[in-house]
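Quick notes on the structure that follows.
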Number of protein chains: 2
Amino acid sequence: MHYTRDNMATLLRGHDINPTHQRIEIAHALFSRQEHLSADQVMAIVNTRHSETSKATVYNTLKLFLDKGLVREVIVDPSKVFYDPNTLPHHHLYEVDTGKLSDIDAMHVRISGLPDLPDGMVTEGIDLIVRVRRAA
Amino acid sequence: MHYTRDNMATLLRGHDINPTHQRIEIAHALFSRQEHLSADQVMAIVNTRHSETSKATVYNTLKLFLDKGLVREVIVDPSKVFYDPNTLPHHHLYEVDTGKLSDIDAMHVRISGLPDLPDGMVTEGIDLIVRVRRAA
DNA sequence: TCCCCGATCTGGACTTTGTCTAATTCCCGG
DNA sequence: CCGGGAATTAGACAAAGTCCAGATCGGGGA
């Protein structure tokens, strides 16, 4: 599947999102790379040629994508929030020194023994974050 | 065990920390409550009677405690970083709506299948954060 | 085609959380 | 009592994100 602008528009419509220019560009930035990007990085990518999208729109759009289940939010550090185009269940490995974030396939990780949720509560997300650093 | 100032001083010394007034007050705030507190909350508690400890000192001290293994850092939300006086292995349940953070006993959770760490890397921390919200 | 109107986008001011720095204060050993 | 290194301080600063009032877009109907 190619991450063309047209395909992005279809993807957005499929998630009940009105596909505007800006939203298509932001989706394209995330999905064509298949990487974890911060809001800042998205801004930079979208505005490489010439300024096209404002800060407010980037933040609003990422939040919209999040609400609509198009992306996942990965919080690894205060002031290091990433948006992940991969919404399949998986976990994360975070290298403290370098800031590099990579995936841990959920298929290989078995989590059991979680307590029952409090009444009337539903899970919004489960993320096992393994924080590693270079040995001293 | 009572969380007296004197006991706090001993605790700090045991972790190779020079027990100053401010450090004792901050330790007392965290340990006497046995709760997850943010830097802000620590500030508020320590300065209830009259201003005694500066913002810089609160942040410096929390980071020092972290380095010395006296507390754990729990990152659940951007701009919601908590300090946890319980350093035993355990995980966290976070209620998105209310901001309430509670513990999940690690004894009951079994995690297996984690991939090997990259060469020369050591684990700094593992936290399984389960994010829940009230059902729509 | 042209117009209208709600949806969207925008710049910029603002807030919050945390960092930095240079100056001061504390406190211990001599 | 004194000197000096450790600790603390106020306040300026930085980074990330929020908010708002006004401008702009673009699709449907005349």
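Proteins come first, then strands; the chains are lettered A, B, ... in the order of their sequence lines, and each starts at number 1. Bear in mind that the values here come from a model prediction, so they are computed numbers and not experimental data.
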Nearest-Å distance, [atom1] ([X]) to [atom2] ([N])?
| X | N | atom1 | atom2 | value |
| --- | --- | --- | --- | --- |
| B:Ile17 | D:dA6 | CD1 | P | 16 Å |
| A:Ile75 | D:dA16 | CD1 | P | 15 Å |
| B:Lys80 | C:dT17 | NZ | P | 9 Å |
| A:Arg23 | D:dT24 | CZ | C1' | 14 Å |
| A:Glu25 | C:dT10 | CD | C1' | 17 Å |
| A:Gln22 | D:dG26 | CD | P | 8 Å |
| A:Asp16 | C:dA7 | CG | P | 14 Å |
| A:Lys55 | D:dG17 | NZ | P | 9 Å |

Residue pair B:Asp40/A:Ser51 against DNA chain C: nearer the 5' end by closest nucleotide is A:Ser51
B:His2-B:Asn7 side chain donor-acceptor pair, cut-off 3.5 Å: no
Exercise: do B:Asp103 and B:His36 side chains pair donor with acceptor under 3.5 Å: yes
Base, sugar-phosphate, or nothing for B:Thr53, non-hydrogen atoms under 4.0 angstrom? sugar-phosphate
Please state whether the phosphate of [N], meaning OP1 or OP2, lies under 4.0 angstrom from any side-chain nitrogen or oxygen of [X].
| X | N | result |
| --- | --- | --- |
| B:Asn60 | D:dT8 | no |
| B:Thr20 | D:dT8 | yes |
| A:Thr57 | C:dT10 | yes |
| A:Tyr59 | D:dG17 | yes |
| B:His21 | C:dC27 | yes |

Any side-chain to backbone donor/acceptor pair from A:Arg72 onto A:Pro89? Under 3.5 Å, distance only. no
Using side-chain heavy atoms (C-beta onward) and a distance below 4.5 Å, is B:Tyr94 in contact with B:Asp77? yes
Taking side chain to side chain contact (heavy atoms under 4.5 Å, CB included) as the criterion, tell me which of A:Asp84, A:Ile45, A:Leu62, A:Val71 meets it with A:Leu37. A:Ile45
Just compare D:dG17, C:dT8, C:dG18 and give me whichever is closest to any side-chain atom of A:Asn18. C:dT8
